[in-house]
Chemist: 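Have a look at this one before I ask anything.
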Amino acid sequence: MELKPLNQASPSCPACGRALPATAPGGLCSACLLSRALLSAAEEDLHEEAQQIGDYELLAPIARGGMGIVYRARQKSLNRIVALKLILAGDLAPPELIERFRVEAEAAASLDHPNIVSVYEVGEADGRHFLTMKLVEGGNLAERLARGQKFSVQEAARTVAKLAHAVQFAHQRGVLHRDIKPTNVLIDTHAEPVLTDFGLAKLIEHETQITHTLAVLGTPSYISPEQAAGQVRHVTTAVDVYGLGALLYELLAGAPPFAGGTTLATIRMVLEQDPQQPSRRNPQVDRDLDTICLKCLAKEPGARYHSAEAVAEDLERWLRREPILARPAGAAERLAKWVRRHPARALSLAVIGLALVSVTVVSDYSRRRVSAALAVSQKQKGEIEQQQIAIARHAAETAGQLAYSLELQAAQHAAAGRHSSALGYWAQVLRLNPSNHVAASRIFQTLIRGGFVQPLGPALNNGPYAHASSFSPDGSHLVIASERGKSQLFIRAAADGKLLRAIDAGGSVAAFDFSPDGTKIATLVGLAGWGNGRVRLWSTANGQPLVPEFLLPDSGYRINFNADGTLLSVPWAIEPQILAASATRLGLRTNARPAEKPYFVVDMVWGAGPGQLFILGDDKQVRWLDAFSGTTLARRNLNFAELAAQLIISPDHHVLAARDKEGGEVALLDAADLRILQELHHPQPVTGMAFSPDSSLLAVTGNDATLHLWSVEGTRHKLLPTGAPQAGPTFSADGTKLAAVGLDHTARLWSIPQGEPLCEPLQLGQRVLSVCLNPTGDRLLTTCADGSATLWEANPAHAAELRFTAARPILSTHLSRDGTQAFLTTDAGLETWDLETSKHLTTLSARPEFPIDPQFSPDDRYVLLPMAKATVFDCASGISAGPPLALPAPATATALSPDGRLLASGDEQGRVRLWNWRTGELLASPVVLDPQEIMRLGFSPDSRRLFATARNLHLYCWDSATGSATYPPLKMDNFGATFDFLGDGHRFAAHVGFDVHLYETATGRAEPLVLHHDLPNMLVRTSPDGERLALVAEDNRVSEYSTHGPAPLISPLPHAARVSALEYDAAGRRFATGTATGDLEVFDAASGRSLTGVLHHGRAGQPGAIVSLHFTTDDRRLLSASADGLVCLWDLGPTAAEPIPGWLPELAEAIAGLKVGGGGSAEAPIGLEPVAHEKRRAIRLQLSEVPGQTAWAQLPRWLFADPQIRARSPFYESRHP
Amino acid sequence: MPDDAIPGRIPEVQQFRTTHWSVVLRASRSENADEAHRALEELCRAYWYPIYAFIRRRGTGLHDAQDLTQAFFEKLLEKQTLAVADRQRGRFRTFLLSALNNFLINEARDAKRLKRGGGAEVISLDLETAEQQLALEPVSGESPERVYERNWVEVMMRRVLDRLQADSVTEGQAERFSQLRVYLVGEQGAPSFTEMANRLGLTEAAVKGLVRRLRARYRLLFREEIAQTLGDDQDIDAEIKYLMTLY
C-alpha cells in the first residue's frame, strides 16, 4: 500500500521557462497554449517536423490529398526540385500494409510513359513514408474545372484518349490505378495530361468497409460500383475503365456523373442509378460520344469496354469521325435503365426491402404496372419478361451490396463485444435477405448468450429532469424526484410503476430520503446555491404532508435521516443544518457551527450513534461532529491533492469512504477513531462509490471506464472493464448485483460473485440521470433527462451452456454415437460423463503413453487406449476386455479397426502385427521393408486396409485380412506425415509440411491435385463426405479447399491465437475451430462466414487451449474440451433446414433496443438508433405467445418467460418435456 | 480534395454571424432581441469567474461578493444593456470589465445592499470551486485589470480543455487523452514519444499522428471559443496576440 507522493508543482514551464502557477489550466502553461493556438495547421506541421526528410529538403506545401500532403522539395544530392508526397496514413498503418504500399508504389515507379507522372523514389525516413516524383507545375484538372475552365468536346476526347493509353500501359505491366479522378490528373507546362497516384488506393484496402474507404478517398463520385460496395476482390482493370468514363463525363457535362448531397446519397446513386446522358447537359455532345461515355460507366464491369485501350481506340475513331464500335443501349437495356433512373415509379424492386432472385416473386400488380407504363405490344411482352429478370437480379445485387456492408458492421460490433449494436445490424441484414441463415444463426446465438434485460411496462412519465429515484426500504414503493413541472415528487407502486401520488412540493426537489422505516419521505426543495431550502415530510402511504414546511436559512443539495429517523441533516456551506423530526413539526436542532476556523461542508453522513455526524470539509479533513453539542470529537487529515468531493459510510457504520474530485483518490477510514485504513488510487477521476450491503466491498466508478471493486479488509481488488465511464453505483440488497449509470446513455448491471456484467448495457438513447435496484434485486429503475422512467426486469435470459470439469487435464474427447455420453481422455485415464446430467460416471485408470487419440468400438463399449501394451478396455467396467497380446516389443503405435474386430500394433523395430484382440490371436504380420519405428497406424473406413507411416518416410498399405501389401510403400517428404481418409475411404489425404497430397486408396496412385499452402500446415481435417478439406496454417488462418480442385473455397479465416482444434459437423455444412486461448467459433463451410461469433470456452483469465471439438450426431450441439479439464456443451440452435420466421428481425431489435436508422453521415453511412419503448413492449406482447414447437418458436417464449420459471435454455424443455 | 475528406482534419469554423458576441452586438434591431439576450446569457454563464474573482480580490467578503456578482449579472441581462453594447463595439472581455467597473462605482455611491437570496436565480455560480481557485492564485503586484484578463484566459483554456476531455471520454479514449494532453504545449519536459509509445502500446509514429490530431483539434476549439467573444470584424489572431502579452 504505497502512498502517492504529493504533487510537486513545477515552478516553471519546461517549454518557455515562464512561471507555472497553480492555477494553470490543466497544469499546462497558458502562454504556450496561446502561442500554439496562433499557428495554422501548415505552419504547425512545418514548425514541428524537421523540414528535412532523408535526402530531401521540404520547401513549401503544394497540395493536400487524401493520402497526404504534397510538397515542393529539393533533392539535396542531385540538387533538383521534385514533388514529395508525404503519406499521412503511413503513421498509423500496420507494417504489412506499408510493405504492400511499397511494392505497389515501386511497381508504379517503374512505369515510364509520357502521360504518367514519373516516380523517382519510394522511401522512408524518421518513420514517415514518402514518395518523390517529377514536379508537374500546371496544377490538376480538378482545380481547372473548379476555376470554370471549359473543355471543348474534342479536347475532352483527346485528353481522355491519351490517359486511356497511359492506363493501358500500366495495366499491361500489372498496375491498377483504382482512383482515377480529376484531382489525380495533372496538367504539365505543355498542357499535356499526366496521371498520378497510381495504385495508392491499395493502401486503404485492408479495411474493406465502405466507411474507411470514403473517409480517405473523399467524394465517391468517381469510384466504381464494385469499389463502392466494398467488393475488393472483384476489383479489376474495369474499375479504371469506369474511372476514365467518369473523367470523360465530367469534362463533357461539367459535373461528375453522380453527386448526391451527402456521401451516403452519392454512394446510393453510384450503386443504383444510371447517370444522365452527357448530351442532355451539353448539347455539343453527340450520340456516339454519349455511348462511349456511358459504356465506360456501366454498372456491370463486364458490360464496360474490356480494356482501356478499347476506350482510347473508340475515342480516336470518334475524333476521326469514323463509326465507333460500341453500340448504344438496346430497347431492353434502355428499359432497365429507365427503371433504374425512376426507382419509385418502377416500384420497390430496385431498393431495400426485397431480394428477389426469381421472376415469379414479382407480383402481378407490378408486372401490370410496368406493362401499362410502356404500352407494350404482344411482341414486346417477351422482352418485358427478360426485363423483369434483369430487374430482379439487379435488386438482389443491390440489396446484397447493402447487406454486405451491414454484415461487416455487425461482425465488427460483435467482435468488440457490443452485442446490442451487432443485433441491430443483423436484424436489418436478415430483413434484406430473409433466407440468410448466417444472420439468423448469429441473431440466435447473440440472443441466447447475450443476456439482455427487458423493459417492463410502459415508460413512466414524471416531471422534466427526473434526477433522483429510490425504492422504499420494503420494496413496495418507488419514488422519483424531478426538477421542474407541476409536480416534482412521484410516488409509484414498485410492482408496475403505477402512479399513486404526484406531489407538488412547491419547487424543484433537490433531494429526498426515506425514513429508516420507510413510512416517511423527507424532501429538500430548492436549487442548491440559490434561495432558501425548504424541508417537508410526506407520508409514503398517502402522499400527504405530515408536518408544516420548515424554511432553512440557506439551500442544500442533500437530505438524510439518521439511523433512528429522529434527525435530518442538510449539508450546506459552513452551516450544516440539523433538524429534529417529531410527529408534529420540524425544528432546528442545532446550528452545528464549529468554533474553530470555518470550513465548507462538502459532504456529511450519519453514524451509528444518535447524534453522530461525519463531515468531510473542504479543508480535506474528516471530522466526527456531535450533532447535539456541536463539538468536534475527532478529526483526520486526508492526503488529497485535489478537492474533496464525497463521503459515504458503510451499512454497518464501521468504515467511511472519502474521495476527491479529480485526483482519483479514495480514502477508507475507521469510523471509530477516523484512522486511515487504506488509500486507494485510481488512474482517472472518480465519479461515484458505494459500499456493498455486507460492508465488505467498495465499488468505485470513474472516468477510466472501469468498475473497481475494492475489498475493505485486505487489498484484494477486482477490475471490471465497462466500455464507457460510469457513475452512481448502487448495490442490490443481497449484494450480488451492482447497477450504475453509463455516461454513454446506458445503464449497466454486474454480477458481483462472477465479476462480470450480468447483461448487455441497457440502451436508453438519452442521458440517464439515476438508476436504482429494488431490495430483492429483481427490478431496476432508470430515470432520464426527459423525465421518463423505465422499470426493467433485472434478471436477463441467459442460456447456460452445460459445463463440467474433469479431474485431470484433458488430452482428447469422444462422444458416444447416441450423444448421451462423453469420454474424456486425461493423463490419468479415461473419464466417462453423462451429458444429460453432467455427472461423472466412471474413470478408467490407465496412462496414455503416446500422443494418439483413443479409439472406440462402434458401439462405444470398448476402447483402445494408446499404451505400449496395446490393451482394449471395457469402458463401463474399466478392466481389460481381451487377453494380453504377445507383443514382440512395447508398441509405439496402435489402431482399432472401425468395425471393432481388429487391433494393429507397431513397435520401434518396425514390427507390425494384426490381432483379433478378443481372442488374442495373431492374424497377420505385415512386412515392413527397411524396418524403422512405426509412427502411426490406421485402418480404412471399411476396415479392409491397414495403413502405417514409419520413421523412414514411407507410407505402407496392407490388406488387413492377409497382411499382404496392397501396393509398394509410398515415399513421403517429411516424416511428420499424417493421413486422413476422405469420406467413405476411396481416397486419402497425406499432409506433409506445406502440401496436401491426395491418393486413391485402392491403388496408391497419387492424384495430380496437390494443395500447396504458403506456410506449414498445422492441422488438417476433411469433411465427412470427403469433398472438402480444411487446414490450419502457421499464421493461424483456416483455409478450405475442395478435394477436387486447387482453388480455395473461402478466404482464409484469421484467428487471434493458434488454432488447436478443428472439426466438421456430420453434414459437412459447418466446421468449428478452437484456439489455444480457449475461443471457439462455428463457420458456415460454404461461405466461411461465422455462424456464432467467437464463443469463450474457458473462464476469463484462465484460458485453456481447446484440445477437442465434437458436433453431436444430430448437429444440434457442439462439445468443446480444453486442456485444463473444462468441458462445455453448446447449443447451436435451429439448423439451416428450418425456415427462418419473419418476425426474427423485429425480435432482435426489440431485445437489443437498437435498430438500423435512416440516413447517416460520412463517417457511418448507416447508423443505429434506439427502438421506441412502446415498440419493444408491443413486440414482447405479440411474441411471448408464439405457437408451435419449432426451434424458432421456442426462442421468444423462452426470452419473455417469467424469470422464476424460465428454463436454462430455449431447448431445455424439448429435451426434458 | 475537400478538407473534410482528410482523416482527423476538421474544417475551420465559420466565424461570422453566429458567435455569441456578434449576435449581441447586432441587437439594436428589435427582432434579434431575444436571441441576443440568450447569447449574452451564455457568455455570462461561461465567464462569470473573472468577475467574481475581481470583486473578491477587492476585499469583499464571500457572501457579499456572491450578492454583488448576481446583482451585476442581473443588471447586465436587462434589455438596456444590449443597446449599450451595440454602441460600444468592443470585445466581450473589455465590455464586461468596463460594465463591472461602472456597476461597482454605482453600488458604492448608492450604498444599496441587496438582501441575500432576494433575487431570482440569474447565473448559477460554483462558489466552492471559485474559492478554491482564488486560494491558489499567486499574490502579485499587478493591476486588478491585468489579473482579470489572465483569469479570462484561464477560464477560456479550462473550457477548451474540458471539451477536449469530454470528447475523449465520448470516444472512449479518456486514458489516452490524459496521457497525451501534456503535448499540447510542445515536447519539452514531456515524455519522449518513444516512451509514450511504450506507455500506450502504440508505435511512435502513431503517437505522433495522434498528437498532431489532438493539437489541431485543440486549435480549432480554442479559436472557436475566442471567436464567440469577438464581433464580426475582429481578428482572432490579434486577440490571441494581445492575450499573449499578459504573460
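A, B, ... follow the sequence lines: proteins, then strands. Residue 1 opens every chain.
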Chemist: Taking all heavy atoms of Gln684(A) and all of Gln165(B), pick out the closest pair and write down the distance.
Modeler: OE1-NE2, 4.4 Å
Chemist: Specify the closest pair of heavy atoms between Val153(B) and Ser30(A), including all atoms of both residues, with the distance to one decimal.
Modeler: CG1-CB, 4.3 Å
Chemist: What part of Glu204(B) gets closer than 4.5 Å to chain A, counting heavy atoms only: side chain, backbone, both or neither?
Modeler: neither
Chemist: Counting only non-hydrogen atoms closer than 4.5 Å, does Leu202(B) touch chain A with its backbone (N, CA, C, O), its side chain (CB onward), both, or neither?
Modeler: neither
Chemist: Give me the atom names and distance for the closest heavy-atom approach of Arg219(B) to Ala37(A).
Modeler: CG-CA, 3.8 Å
Chemist: Do any N or O atoms from the side chain of Arg181(B) and from the backbone of Gly26(A) form a donor-acceptor pair under 3.5 angstrom?
Modeler: yes
Chemist: Are Arg150(B) and Thr23(A) side-chain neighbours, meaning at least one heavy-atom pair lies under 4.5 Å?
Modeler: no
Chemist: Under the side chain to side chain contact (heavy atoms under 4.5 Å, CB included) rule, what do Met157(B) and Leu28(A) come out as? Steps first, then yes or no, please.
Modeler: CA-CA 9 Å; Met157(B) 290 296 176; Leu28(A) 300 172; over 6 Å; no
Chemist: Name the region of Leu127(B), side chain, backbone, both or neither, that has any atom closer than 4.5 Å to a heavy atom of chain A.
Modeler: neither
Chemist: Which heavy atom in Pro25(A) sits nearest to a heavy atom in Leu161(B), and how many Å separate them?
Modeler: O-CD1, 3.6 Å
Chemist: For Tyr218(B) versus Leu33(A), what's the shortest heavy-atom pair and its separation?
Modeler: OH-O, 2.5 Å
